[in-house]
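Every chain is numbered from 1 and lettered A, B, ... according to where its sequence line falls, protein lines coming before strand lines.
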Number of protein chains: 2
Amino acid sequence: MARSSTAAETPEPADESYDLAEQVGFIMRQAAQRHVSIFNEIMGADLTPTQWAVLARLYQDGGSSQNLLGRQTAMDAATIKGVVDRLLKRKLVQTKPDPEDGRRLIVELSPAGVDYTRELLPKAETVTKVTLAPLATNQRATLIALLKQLR
Amino acid sequence: MARSSTAAETPEPADESYDLAEQVGFIMRQAAQRHVSIFNEIMGADLTPTQWAVLARLYQDGGSSQNLLGRQTAMDAATIKGVVDRLLKRKLVQTKPDPEDGRRLIVELSPAGVDYTRELLPKAETVTKVTLAPLATNQRATLIALLKQLR
DNA sequence: TGATCCTCGTTCGTATACGAACGATATTCC
DNA sequence: GGAATATCGTTCGTATACGAACGAGGATCA
């Protein structure tokens, strides 16, 4: 690194000042990877975080159209379709046409999906707990509040 | 599956207390998605965040073996291979066998890759700046410190 | 009514992400 | 020296993620 400590106020540190390991995006990707790893350990490899998001959302709010469900779980139309298809194959969700709108496909939990989701809820809470374990209690709320601002 | 074990004396407050929208994993996934979206807008669609991570790492530290490079950029062996292959096809990196270890493949920036990376550095800084824009200055350091603890 | 525009679901292509398995090469340890 | 073990790069399969394009259905307004 060239000298820049005394000549100081040069607002032009660009090149040498960029450290990949200090960029939010890079750090956040690693934090997310660790979270997914924890999720897989606790929930089992047969369910992914996105699939769980769909189940949990349907469990909380009941059925909705496929695209709306995607918006509620942060997936675009192409992605939610794949997720719903895989849940359909396992008969955890079921679909039906919307009688009020010929374009819409209503997605809802199957009875088996309701049971399955209810049984997994405690584990899902554990996932969050383990993910946040490295933080002190007050730090957890801070992190979540900050992350929400970045959405 | 066996029928749901008739709502026995489960003391669970669990069910109703789980709100998907409040789970770190879910919120972090959305924050990461927004970051990637910002990345694509600023850096251009021809380079992905992971590809940039590789270029930036090689630019900072010089060449390294493919697997080590993967560890430094938070990718497993299978993933880093695909990323390196795509950068190779664009001639932004080049490879050579490690003379000291017959298993290793050394990956380094090509001359064109050095220029390309240097030109993109200012934009990469902008990506971080825009991503963190919703936060106050002191909050940015807090967020990064907390995320680092979750890795 | 018809034209325009929007939304919905679908498909295609590309790029992470990662578990699992494999052969080739290094290292360790007896 | 040689066997057990570890690491390296590769390949396969599956699952997000999303831009782009498409046809079908719905809403708006002249």
From [atom1] of [X] over to [atom2] of [N], roughly how many Å is that when rounded to an integer?
X        : N       : atom1 : atom2 : value
Met75(A) : dA15(D) : CE    : C1'   : 11 Å
Asp98(A) : dA24(D) : CG    : C1'   : 15 Å
Ile80(B) : dA15(C) : CD1   : C1'   : 13 Å
Leu69(B) : dT10(D) : CG    : P     : 13 Å
Asn40(B) : dA15(C) : CG    : C1'   : 11 Å

Considering only side-chain heavy atoms of [X], which listed nucleotide, [options], is closest?
X         : options                   : result
Arg103(A) : dT11(D), dT7(C), dA15(D)  : dT7(C)
Leu105(A) : dG9(C), dC8(D), dA17(D)   : dG9(C)
Arg104(A) : dC8(C), dT10(C), dA17(C)  : dC8(C)
Arg29(A)  : dT10(D), dC8(D), dA17(C)  : dA17(C)
Ala78(A)  : dC8(D), dT11(C), dT10(C)  : dT11(C)
Arg86(A)  : dT10(D), dA24(C), dT16(D) : dT16(D)
Thr50(A)  : dT16(D), dT16(C), dG9(C)  : dT16(D)
Asp101(B) : dA15(C), dT25(C), dA17(D) : dT25(C)

Problem - Heavy atoms of other groups near Arg34(B) CZ, more than 12 under 6.0 Å - result: no
Problem - Heavy-atom neighbours of Lys148(A) NZ exceed 12 at 6.0 Å - result: yes
Handout entry: Any side-chain heavy-atom pair of Asp98(A) and Arg103(A) under 4.5 Å
Key = no
Problem - Heavy-atom check, side chain of Thr73(A) versus side chain of Thr50(A), under 4.5 Å - result: no
Exercise for the section: Please state whether the phosphate of dT16(D), meaning OP1 or OP2, lies under 4.0 angstrom from any side-chain nitrogen or oxygen of Gln51(A). Expected result: yes
Exercise for the section: Look at Thr48(B) and dT16(C) and indicate whether a side-chain polar atom (N or O) is within less than 4.0 Å of OP1 or OP2. Expected result: yes
Problem - 5' priority, DNA chain D, between Gly82(A) and Ser37(B) [closest heavy atom] - result: Gly82(A)
Exercise for the section: Please work out if Val83(A) contacts a base, only the sugar-phosphate, or nothing of the nucleic acid, heavy-atom cut-off 4.0 Å. Expected result: sugar-phosphate
Practice task
Indicate yes or no for a side-chain donor-acceptor contact from Arg140(A) to the backbone of Leu132(A) under 3.5 Å, with no hydrogens or angles considered.
Solution key: yes
